[in-house]
There are 2 protein chains.
Amino acid sequence: MKKIDILKKLRTSGLRPTKQRVEIAKFLFERDKTFHFTVESLNKLLEKKTSNKFALATIYNTVHAFKSAGHLSEVEVRGKKTYFDTNVSNHHHFYDSENSELIDIDSNDVVIQKIPKAPNGKKIKNIEVFINLKN
Amino acid sequence: MKKIDILKKLRTSGLRPTKQRVEIAKFLFERDKTFHFTVESLNKLLEKKTSNKFALATIYNTVHAFKSAGHLSEVEVRGKKTYFDTNVSNHHHFYDSENSELIDIDSNDVVIQKIPKAPNGKKIKNIEVFINLKN
DNA sequence: ATCCAGTTTATAATAATTCTAAAGTAAAAC
DNA sequence: GTTTTACTTTAGAATTATTATAAACTGGAT
(Lines give C-alpha, C1' and ligand atoms only; values in the text may rest on other atoms or scores of the structure.)
Protein backbone atom coordinates (compact mmCIF):
# COMPACT_ATOMS: atom_id res chain seq x y z
CA MET A 1 0.00 0.00 0.00
CA LYS A 2 1.44 3.33 -1.11
CA LYS A 3 1.57 6.54 0.84
CA ILE A 4 -1.19 8.09 -1.26
CA ASP A 5 -3.40 5.13 -0.40
CA ILE A 6 -2.55 5.45 3.26
CA LEU A 7 -3.69 9.05 3.16
CA LYS A 8 -6.87 8.08 1.38
CA LYS A 9 -7.47 5.27 3.82
CA LEU A 10 -7.22 7.68 6.72
CA ARG A 11 -9.29 10.44 5.11
CA THR A 12 -12.10 8.17 4.02
CA SER A 13 -12.25 6.86 7.58
CA GLY A 14 -12.67 10.34 8.92
CA LEU A 15 -9.23 10.23 10.48
CA ARG A 16 -7.14 13.32 10.04
CA PRO A 17 -3.83 12.13 8.59
CA THR A 18 -1.50 13.40 11.26
CA LYS A 19 2.24 12.67 11.21
CA GLN A 20 1.79 10.00 13.82
CA ARG A 21 -1.14 8.25 12.20
CA VAL A 22 0.53 8.20 8.81
CA GLU A 23 3.72 6.75 10.26
CA ILE A 24 1.86 4.09 12.17
CA ALA A 25 -0.44 3.29 9.27
CA LYS A 26 2.53 2.92 6.93
CA PHE A 27 4.19 0.62 9.39
CA LEU A 28 1.09 -1.50 9.80
CA PHE A 29 -0.41 -1.57 6.34
CA GLU A 30 2.56 -1.43 3.97
CA ARG A 31 3.21 -5.13 4.21
CA ASP A 32 2.18 -8.24 2.36
CA LYS A 33 1.57 -10.65 5.17
CA THR A 34 -0.84 -10.02 8.00
CA PHE A 35 0.69 -8.75 11.15
CA HIS A 36 -0.23 -9.49 14.76
CA PHE A 37 0.82 -7.23 17.58
CA THR A 38 0.13 -5.83 20.99
CA VAL A 39 0.37 -2.14 21.81
CA GLU A 40 3.62 -2.84 23.60
CA SER A 41 5.21 -4.77 20.74
CA LEU A 42 4.05 -2.19 18.21
CA ASN A 43 5.55 0.57 20.30
CA LYS A 44 8.91 -1.18 20.47
CA LEU A 45 8.96 -1.90 16.76
CA LEU A 46 8.07 1.68 15.93
CA GLU A 47 10.84 2.96 18.15
CA LYS A 48 13.34 0.88 16.22
CA LYS A 49 11.94 1.46 12.75
CA THR A 50 11.26 5.15 12.84
CA SER A 51 13.34 7.88 14.38
CA ASN A 52 10.25 9.48 15.96
CA LYS A 53 9.01 8.51 19.35
CA PHE A 54 5.30 8.38 19.95
CA ALA A 55 3.57 8.78 23.25
CA LEU A 56 2.19 5.44 24.40
CA ALA A 57 -1.23 7.03 24.61
CA THR A 58 -0.94 7.91 20.93
CA ILE A 59 -0.34 4.30 20.04
CA TYR A 60 -3.42 3.34 22.02
CA ASN A 61 -5.47 6.12 20.45
CA THR A 62 -4.34 5.29 16.95
CA VAL A 63 -4.76 1.57 17.21
CA HIS A 64 -8.26 2.00 18.57
CA ALA A 65 -9.09 4.54 15.90
CA PHE A 66 -7.91 2.07 13.25
CA LYS A 67 -9.92 -0.66 14.86
CA SER A 68 -13.09 1.44 14.94
CA ALA A 69 -12.52 2.28 11.29
CA GLY A 70 -12.32 -1.43 10.52
CA HIS A 71 -8.63 -1.41 9.58
CA LEU A 72 -7.61 -3.64 12.45
CA SER A 73 -9.29 -6.43 14.30
CA GLU A 74 -8.91 -7.46 17.89
CA VAL A 75 -8.15 -11.10 18.49
CA GLU A 76 -9.63 -13.19 21.28
CA VAL A 77 -6.64 -14.23 23.32
CA ARG A 78 -6.85 -14.62 27.03
CA GLY A 79 -4.03 -12.95 28.83
CA LYS A 80 -3.04 -9.56 30.02
CA LYS A 81 -2.43 -7.86 26.73
CA THR A 82 -4.75 -7.22 23.84
CA TYR A 83 -3.72 -8.55 20.46
CA PHE A 84 -4.51 -6.81 17.19
CA ASP A 85 -4.44 -8.14 13.66
CA THR A 86 -4.07 -6.33 10.35
CA ASN A 87 -6.16 -9.10 8.80
CA VAL A 88 -9.71 -7.84 9.14
CA SER A 89 -11.35 -10.53 7.05
CA ASN A 90 -13.21 -13.31 8.75
CA HIS A 91 -10.60 -15.87 9.78
CA HIS A 92 -9.32 -18.02 12.61
CA HIS A 93 -6.14 -18.44 14.64
CA PHE A 94 -3.57 -20.80 15.93
CA TYR A 95 -2.14 -19.67 19.22
CA ASP A 96 1.29 -20.80 20.23
CA SER A 97 1.48 -20.11 23.94
CA GLU A 98 5.19 -21.07 24.00
CA ASN A 99 6.10 -17.76 22.42
CA SER A 100 2.77 -15.95 22.62
CA GLU A 101 2.44 -16.03 18.86
CA LEU A 102 -0.70 -15.86 16.77
CA ILE A 103 -0.89 -17.43 13.33
CA ASP A 104 -3.72 -16.76 10.91
CA ILE A 105 -5.88 -19.56 9.61
CA ASP A 106 -7.74 -18.85 6.43
CA SER A 107 -11.48 -19.04 6.78
CA ASN A 108 -11.59 -21.72 4.11
CA ASP A 109 -9.25 -23.98 6.02
CA VAL A 110 -11.82 -24.51 8.73
CA VAL A 111 -15.12 -26.13 7.93
CA ILE A 112 -17.69 -26.42 10.65
CA GLN A 113 -20.33 -29.02 9.97
CA LYS A 114 -22.62 -28.47 12.88
CA ILE A 115 -23.23 -25.68 15.35
CA PRO A 116 -26.03 -25.21 17.85
CA LYS A 117 -28.68 -22.62 17.17
CA ALA A 118 -28.36 -19.35 19.01
CA PRO A 119 -30.25 -18.94 22.30
CA ASN A 120 -33.70 -17.37 22.17
CA GLY A 121 -33.79 -13.88 20.78
CA LYS A 122 -30.14 -13.92 19.86
CA LYS A 123 -28.38 -14.26 16.55
CA ILE A 124 -24.93 -15.44 15.70
CA LYS A 125 -22.59 -12.55 14.99
CA ASN A 126 -19.54 -14.58 14.14
CA ILE A 127 -17.71 -17.77 14.94
CA GLU A 128 -14.12 -17.82 16.05
CA VAL A 129 -12.09 -20.97 16.07
CA PHE A 130 -9.04 -20.85 18.21
CA ILE A 131 -6.54 -23.68 18.00
CA ASN A 132 -4.11 -23.82 20.87
CA LEU A 133 -0.73 -25.33 20.05
CA LYS A 134 1.82 -27.25 22.05
CA ASN A 135 5.28 -28.56 21.16
CA MET B 1 -22.65 -32.18 45.60
CA LYS B 2 -22.84 -32.74 49.33
CA LYS B 3 -20.61 -31.28 52.00
CA ILE B 4 -18.86 -34.59 52.56
CA ASP B 5 -18.02 -34.67 48.85
CA ILE B 6 -16.77 -31.10 48.94
CA LEU B 7 -14.38 -32.06 51.70
CA LYS B 8 -13.24 -35.10 49.78
CA LYS B 9 -12.81 -33.05 46.64
CA LEU B 10 -10.56 -30.62 48.46
CA ARG B 11 -8.58 -33.26 50.31
CA THR B 12 -7.92 -35.40 47.26
CA SER B 13 -6.65 -32.28 45.49
CA GLY B 14 -4.20 -31.62 48.27
CA LEU B 15 -6.12 -28.58 49.36
CA ARG B 16 -6.61 -28.16 53.05
CA PRO B 17 -10.36 -27.70 53.60
CA THR B 18 -10.29 -24.34 55.30
CA LYS B 19 -13.46 -22.45 56.21
CA GLN B 20 -13.02 -20.19 53.19
CA ARG B 21 -12.32 -22.92 50.67
CA VAL B 22 -15.25 -25.00 51.84
CA GLU B 23 -17.61 -22.03 51.63
CA ILE B 24 -16.43 -21.10 48.18
CA ALA B 25 -16.42 -24.69 46.96
CA LYS B 26 -19.96 -25.21 48.23
CA PHE B 27 -21.07 -22.08 46.46
CA LEU B 28 -19.41 -23.11 43.20
CA PHE B 29 -19.95 -26.83 43.08
CA GLU B 30 -23.28 -27.43 44.81
CA ARG B 31 -25.29 -26.63 41.71
CA ASP B 32 -26.72 -28.52 38.81
CA LYS B 33 -25.97 -26.21 35.94
CA THR B 34 -22.51 -24.98 35.08
CA PHE B 35 -21.62 -21.59 36.37
CA HIS B 36 -19.54 -18.86 34.77
CA PHE B 37 -18.02 -16.07 36.79
CA THR B 38 -15.27 -13.55 37.24
CA VAL B 39 -13.45 -13.03 40.51
CA GLU B 40 -15.37 -9.81 40.97
CA SER B 41 -18.79 -11.35 40.36
CA LEU B 42 -17.99 -14.30 42.57
CA ASN B 43 -16.91 -11.98 45.32
CA LYS B 44 -20.17 -10.03 45.13
CA LEU B 45 -22.27 -13.15 45.08
CA LEU B 46 -20.42 -14.61 48.05
CA GLU B 47 -20.91 -11.40 50.00
CA LYS B 48 -24.67 -11.69 49.49
CA LYS B 49 -24.98 -15.42 49.99
CA THR B 50 -22.81 -15.96 52.99
CA SER B 51 -22.45 -13.80 56.03
CA ASN B 52 -18.67 -14.10 55.93
CA LYS B 53 -16.49 -11.69 54.04
CA PHE B 54 -13.45 -13.01 52.28
CA ALA B 55 -10.36 -11.05 51.37
CA LEU B 56 -10.27 -10.49 47.64
CA ALA B 57 -6.86 -12.14 47.58
CA THR B 58 -8.44 -15.25 49.07
CA ILE B 59 -10.92 -15.43 46.22
CA TYR B 60 -8.06 -15.16 43.76
CA ASN B 61 -6.00 -17.75 45.63
CA THR B 62 -8.89 -20.15 45.93
CA VAL B 63 -10.08 -19.83 42.35
CA HIS B 64 -6.57 -20.43 41.09
CA ALA B 65 -6.10 -23.34 43.43
CA PHE B 66 -9.34 -24.86 42.13
CA LYS B 67 -8.26 -24.23 38.59
CA SER B 68 -4.87 -25.90 39.16
CA ALA B 69 -6.66 -28.85 40.69
CA GLY B 70 -8.80 -29.13 37.58
CA HIS B 71 -12.05 -28.14 39.26
CA LEU B 72 -12.45 -24.94 37.26
CA SER B 73 -11.50 -23.93 33.76
CA GLU B 74 -10.54 -20.54 32.47
CA VAL B 75 -12.44 -19.37 29.41
CA GLU B 76 -10.94 -17.49 26.48
CA VAL B 77 -12.81 -14.23 26.50
CA ARG B 78 -11.15 -11.05 25.45
CA GLY B 79 -11.74 -8.29 27.90
CA LYS B 80 -10.35 -7.01 31.11
CA LYS B 81 -11.54 -9.71 33.42
CA THR B 82 -10.80 -13.38 33.48
CA TYR B 83 -13.79 -15.72 33.27
CA PHE B 84 -13.96 -19.06 34.99
CA ASP B 85 -16.25 -21.99 34.37
CA THR B 86 -17.32 -24.81 36.64
CA ASN B 87 -17.62 -26.97 33.55
CA VAL B 88 -14.18 -28.51 33.15
CA SER B 89 -15.04 -30.91 30.37
CA ASN B 90 -14.02 -30.09 26.83
CA HIS B 91 -16.68 -27.75 25.45
CA HIS B 92 -17.32 -24.50 23.66
CA HIS B 93 -19.04 -21.19 24.33
CA PHE B 94 -21.52 -18.66 23.17
CA TYR B 95 -20.61 -15.18 24.25
CA ASP B 96 -23.32 -12.57 24.57
CA SER B 97 -21.47 -9.28 24.71
CA GLU B 98 -24.71 -7.39 25.45
CA ASN B 99 -24.61 -8.59 29.02
CA SER B 100 -21.13 -10.15 29.12
CA GLU B 101 -22.63 -13.58 29.53
CA LEU B 102 -21.09 -16.91 28.63
CA ILE B 103 -23.21 -19.91 27.71
CA ASP B 104 -21.84 -23.42 27.45
CA ILE B 105 -22.05 -25.40 24.25
CA ASP B 106 -21.73 -29.13 24.57
CA SER B 107 -18.77 -30.55 22.74
CA ASN B 108 -21.09 -32.79 20.74
CA ASP B 109 -23.07 -29.83 19.43
CA VAL B 110 -20.12 -28.64 17.41
CA VAL B 111 -18.68 -30.75 14.67
CA ILE B 112 -15.62 -29.54 12.83
CA GLN B 113 -15.11 -31.19 9.48
CA LYS B 114 -11.81 -29.69 8.48
CA ILE B 115 -8.96 -28.00 10.25
CA PRO B 116 -5.50 -27.08 8.99
CA LYS B 117 -2.54 -29.09 10.19
CA ALA B 118 -0.46 -27.54 12.93
CA PRO B 119 2.62 -25.54 11.95
CA ASN B 120 5.96 -27.36 11.80
CA GLY B 121 7.04 -28.89 15.06
CA LYS B 122 3.81 -28.02 16.79
CA LYS B 123 0.87 -30.12 17.83
CA ILE B 124 -2.71 -29.20 18.46
CA LYS B 125 -3.46 -28.96 22.15
CA ASN B 126 -7.12 -28.14 21.88
CA ILE B 127 -9.68 -26.38 19.77
CA GLU B 128 -11.97 -23.74 21.13
CA VAL B 129 -15.00 -22.55 19.27
CA PHE B 130 -16.33 -19.24 20.35
CA ILE B 131 -19.65 -18.03 18.98
CA ASN B 132 -20.29 -14.35 19.45
CA LEU B 133 -23.94 -13.38 19.74
CA LYS B 134 -25.90 -10.27 18.80
CA ASN B 135 -29.54 -9.35 19.31
C1' DA C 1 -2.37 -29.15 74.11
C1' DT C 2 1.51 -27.76 71.06
C1' DC C 3 3.52 -26.93 66.91
C1' DC C 4 4.20 -26.11 62.05
C1' DA C 5 3.35 -25.77 57.31
C1' DG C 6 -0.05 -24.08 54.69
C1' DT C 7 -3.64 -20.22 54.53
C1' DT C 8 -5.80 -15.93 55.03
C1' DT C 9 -5.67 -11.20 55.31
C1' DA C 10 -4.83 -6.22 54.55
C1' DT C 11 -2.12 -3.69 52.09
C1' DA C 12 1.36 -2.52 48.73
C1' DA C 13 3.07 -3.35 44.18
C1' DT C 14 2.59 -4.15 39.33
C1' DA C 15 0.86 -4.00 34.68
C1' DA C 16 -2.20 -2.74 31.08
C1' DT C 17 -5.04 0.64 29.81
C1' DT C 18 -7.72 4.93 30.06
C1' DC C 19 -8.26 9.70 31.47
C1' DT C 20 -6.96 14.58 31.73
C1' DA C 21 -5.80 18.95 30.53
C1' DA C 22 -2.42 21.61 28.32
C1' DA C 23 0.14 22.28 24.02
C1' DG C 24 0.28 21.30 19.11
C1' DT C 25 -1.50 20.99 14.33
C1' DA C 26 -4.43 19.91 10.00
C1' DA C 27 -7.50 22.09 7.44
C1' DA C 28 -11.51 25.19 7.12
C1' DA C 29 -12.72 30.11 7.10
C1' DC C 30 -11.41 34.38 6.34
C1' DG D 1 -1.37 33.47 3.62
C1' DT D 2 -3.28 34.34 8.36
C1' DT D 3 -6.40 33.25 11.70
C1' DT D 4 -9.44 30.19 13.74
C1' DT D 5 -11.33 25.96 15.23
C1' DA D 6 -11.77 21.42 16.20
C1' DC D 7 -9.29 17.42 16.50
C1' DT D 8 -4.75 15.28 18.15
C1' DT D 9 -0.84 14.46 20.70
C1' DT D 10 1.50 14.35 24.84
C1' DA D 11 3.16 13.51 29.62
C1' DG D 12 1.68 12.22 33.50
C1' DA D 13 -2.01 10.93 36.70
C1' DA D 14 -5.78 7.78 37.48
C1' DT D 15 -7.99 3.44 37.11
C1' DT D 16 -8.59 -1.50 37.03
C1' DA D 17 -7.44 -6.25 37.40
C1' DT D 18 -4.28 -9.00 39.33
C1' DT D 19 -0.18 -10.54 41.99
C1' DA D 20 3.18 -10.06 45.76
C1' DT D 21 4.29 -9.42 50.64
C1' DA D 22 4.57 -10.22 55.27
C1' DA D 23 2.22 -10.68 59.49
C1' DA D 24 -1.53 -13.15 61.85
C1' DC D 25 -4.16 -17.33 61.79
C1' DT D 26 -5.50 -22.32 61.69
C1' DG D 27 -6.05 -27.41 60.34
C1' DG D 28 -4.32 -31.35 61.60
C1' DA D 29 -0.21 -34.03 62.74
C1' DT D 30 2.59 -34.95 66.86
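Quick caveat, the model's predicted, so the values are computed rather than measured. In what follows, chains are A, B, ... by sequence order, proteins preceding strands, each numbered from 1.
- Scanning for ring-ring contact (aromatic ring centres under 6.0 Å, His included) contacts around B:His93 gives B:His36, B:His91, with sequence neighbours left out.
- In this structure, the ring of A:Phe29 has its center less than 6.0 angstrom from the ring center of A:Phe66.
- In this structure, B:Gln20 reaches the C:dT9 phosphate: one of its side-chain N or O atoms is under 4.0 Å from OP1 or OP2.
- At the phosphate of C:dT18, neither OP1 nor OP2 sits under 4.0 Å from any side-chain N or O atom of A:Tyr60.
- In this structure A:Glu40 satisfies the side-chain hydrogen bond (donor to acceptor under 3.5 Å, both in side chains) test together with A:Lys81, sequence neighbours excluded.
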**OP:** Summarise how protein sits on nucleotides 25-30 of chain C as a single string, 5' to 3': B when a protein heavy atom is under 4.0 Å from the base, S for sugar-phosphate-only contact, - for no contact.
**Re:** BBS---

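- Closest contact between the side chain of A:Lys81 and the listed nucleotides C:dT17, C:dT9, C:dA16 involves C:dA16.
- Other residues sharing the hydrophobic cluster of A:Ile115, ordered by chain and number and joined by side-chain separations under 4.5 Å: A:Phe94, A:Ile103, A:Ile105, A:Val110, A:Ile112, A:Ile124, A:Ile127, A:Val129, A:Ile131, A:Leu133, B:Phe94, B:Ile103, B:Ile105, B:Val110, B:Ile112, B:Ile115, B:Ile124, B:Ile127, B:Val129, B:Ile131, B:Leu133.
- Sorted by first then second residue, the side-chain hydrogen bond (donor to acceptor under 3.5 Å, both in side chains) pairs that include residues 120-134 of chain B, not counting sequence neighbours, are A:Asp96-B:Lys122, A:Asn126-B:Asn132, A:Glu128-B:Asn132, A:Asn132-B:Asn126, A:Asn132-B:Glu128, A:Asn135-B:Lys122.
- Contacts of A:Thr38 with the nucleic acid, taken as non-hydrogen atoms under 4.0 Å apart, are absent.
- Under the 3.5 Å distance criterion, with hydrogens and angles disregarded, a donor-acceptor pair is assigned to the side chains of B:Asn108 and B:Asp106.
- Near DNA chain C, meaning a heavy atom under 4.0 Å away, the residues from residues 64-75 of chain A are A:His64.
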